[in-house]
Protein chains: 4
Amino acid sequence: MLNRVILIGRLTKDPEMRYTPAGVAVTQFTLAVDRPFTSGGQNEREADFIPIVTWRQLAETCANYLRKGRLTAVEGRIQVRNYENNEGKRVYVTEIIADNVRFLESGNRENGPRDEGAASYGSGNGNYGGGNSQGGTSGGNPQGGGRSGGTPRNNNSRDPFSDDGRPIDISEDDLPF
Amino acid sequence: MLNRVILIGRLTKDPEMRYTPAGVAVTQFTLAVDRPFTSGGQNEREADFIPIVTWRQLAETCANYLRKGRLTAVEGRIQVRNYENNEGKRVYVTEIIADNVRFLESGNRENGPRDEGAASYGSGNGNYGGGNSQGGTSGGNPQGGGRSGGTPRNNNSRDPFSDDGRPIDISEDDLPF
Amino acid sequence: MLNRVILIGRLTKDPEMRYTPAGVAVTQFTLAVDRPFTSGGQNEREADFIPIVTWRQLAETCANYLRKGRLTAVEGRIQVRNYENNEGKRVYVTEIIADNVRFLESGNRENGPRDEGAASYGSGNGNYGGGNSQGGTSGGNPQGGGRSGGTPRNNNSRDPFSDDGRPIDISEDDLPF
Amino acid sequence: MLNRVILIGRLTKDPEMRYTPAGVAVTQFTLAVDRPFTSGGQNEREADFIPIVTWRQLAETCANYLRKGRLTAVEGRIQVRNYENNEGKRVYVTEIIADNVRFLESGNRENGPRDEGAASYGSGNGNYGGGNSQGGTSGGNPQGGGRSGGTPRNNNSRDPFSDDGRPIDISEDDLPF
DNA sequence: TTTT
DNA sequence: TTTT
């Protein structure tokens, strides 16, 4: 009846966008979210790697502006889907269907090693450094993604989801909205 | 860096409690959370079944007061653990480590299969229908679970996690706090 | 950049609905949310009373199905508005603009003191006891509110917001969507 | 019964720390949180200014590492307190009692007014840009705040809450834990 | 001014 | 299979 998730973490890789047969954009990426504690051991596992899925306009904005390593906030809901694998066994996949993604780092670092981040309130330069994007039922117009300082990447030349070994079975039926 | 989940749904079964070798109580249950939309088809899949894990005092309170079908709110964080299965393949398991569970239905059902719901305000019995329990770093004293109108069940006679086919590999190392 | 609130509590009174001059429905109510601790004293203040505002279709569903005392989940964002009072002083008002409201108690108690709550998964009666309603950019079609077991109240005979002493200054400009 | 808030925004000023008579540290600051839409008008009000309160160790970490303009994530609960003002009128104050604060920008700004943002990964300085701090019932040991690249400020020479016109009436009784 |  |  209520299903809400909010995460802040970093992309483990560049996002991957593809289109469903029906032409709907879908982008996936994984967020590394540091745990709030240091596990018993030492250099034990100390982050959770959480798969994120975005659809439509939000998918395109994410594909254009997010990159590996970027600090990112994600709001959405948990979805558990399942499919039969090649051995006839049912596999369960848990993902966050995001309806709101905030880019917490601008990412224009073409000419220098230091990331500039988002501009301060009250600074004189009028540059809103942190872009953002929201999706959902509206699922149509971009909202602020374009305000990001980053340079959009042309995805046309990429083969999204060119087989990476993982089964890909997202279809229009999975449409969350 | 931030990882917060809030769910409201119903238990698919009675919760299962066991103790780690170190004597720490751990309780698992699954929450069926209705999706906010009706998927393309008709009577298609319209709920997510989300595994919840609770530890220590909260585990005991959940085992004592939660039952199949009860409407329940869960607050916690997403955790992704993995293990090697018998075929040497890495399996990823996503669970919610709960630190706050709210019993939204009291569960005193004197005479029948129908759950009577929470909060009998206006009824004459002065019973505060909604119990609750909170865990976390404090992980020690019960907080309000005892206010529930439900009757605690003696778990001693149960064989917690008596093999249901799923691999059980929670250990003290998984301790989230 | 991100503003999310989730509350579970009980209505302190019946909700109040009115229409803006532009004909947009707006409903207000207050949620009493018990605090997770007992304050130093004894029978000291132990709940927060949090004002909720809903708009459009969600406003109408809330006005029709929510009642004083009902256990309710609210999802939304914090909004701080301000106005000049009659003494020329600026007054700040903090409210939750809800975009998702879940009715955790059905509320049909016409013929008996016991509240029946929401039906269980797996029960045979096909009655989904807990209604719900979601708003937002969609802001159009009712979503499940009608599934509630409660009987809608005819609001026509009420004078919504008939001056209760509180300044009423919500206008179309406050429209959150 | 459940009361959870998550915000991402920027500090409108440097945080202000003081101690209660009982010697408990309390820090306040205001977060400017951009609204997800542009209000009817044009350059109309488009942010909410939300007061945050932190206690104990978290208060000290916030006072040491947060500064005006910094992008910050806050997790906590809404609290509504009230007091009688000098005209004998009851005034209601809504604040977020934070139990988790994440510093999304490091704040080492060697040479100038521009904040340089977080997480200089890729830069040569090995600095983990995002500090964080968590409070709550544990309320004792610092958790990671020290990983921030910022330089702690000595607060001793400041007169915390030197009258800024706002009534100050936080007392030990308000202790949320 | 508050709910159970 | 992972980020900083």
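Lettering follows sequence order; numbering is per chain, from 1. Computed from a predicted model, the values in this text were never measured in an experiment.
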Look at the side chain of B/Arg90 and decide which nucleotide, out of E/dT3, F/dT1, E/dT1, has an atom nearest to it. F/dT1
What's the CD1-C1' distance between C/Ile50 and E/dT1, to the nearest Å? 16 Å
Hey, are the side chains of C/Ile50 and C/Thr30 touching, using non-hydrogen atoms and a 4.5 Å cut-off? no
Expressed in angstrom and rounded to an integer, what is the separation of C/Leu7 atom CG from E/dT2 atom P? 19 Å
Nearest to the side chain of A/Asp34, heavy atoms from C-beta on, is which of F/dT3, F/dT1, E/dT3? F/dT3
Measure the distance from CG on A/Leu104 to C1' on F/dT3 and round it to the nearest whole Å. 14 Å
Proximity to the side chain of D/Tyr92 - top-ranked nucleotide from F/dT4, E/dT2, F/dT1: E/dT2
Closest to the C/Phe49 side chain: E/dT2, F/dT3, E/dT4? E/dT2
With C/Ile6 as partner, the option from D/Ile6, D/Leu2, D/Val5 fulfilling side chain to side chain contact (heavy atoms under 4.5 Å, CB included) is D/Leu2
D/Lys89 has an atom NZ; how far is it from atom P of E/dT1, in whole Å? 13 Å
Winner on side-chain proximity to A/Thr30, out of F/dT3, E/dT4, F/dT2, is F/dT2
Euclidean distance, atom CD1 of residue C/Ile8 to atom P of E/dT3 [Å, nearest integer]: 20 Å
Whether D/Arg4 and B/Glu75 form a salt bridge (side-chain N of Lys/Arg under 4.0 Å from carboxylate O of Asp/Glu) is what I want to check. yes
Between A/Glu105 (CD) and F/dT4 (C1'), how many Å, whole number? 9 Å
Between B/Ile78 (CD1) and F/dT2 (P), how many Å, whole number? 19 Å
Provide, to the nearest angstrom, the distance between the CZ atom belonging to C/Arg67 and the C1' atom belonging to E/dT4. 18 Å
For the pair A/Glu46 and A/Arg35, find out whether any cationic side-chain nitrogen is under 4.0 Å from an anionic carboxylate oxygen. no
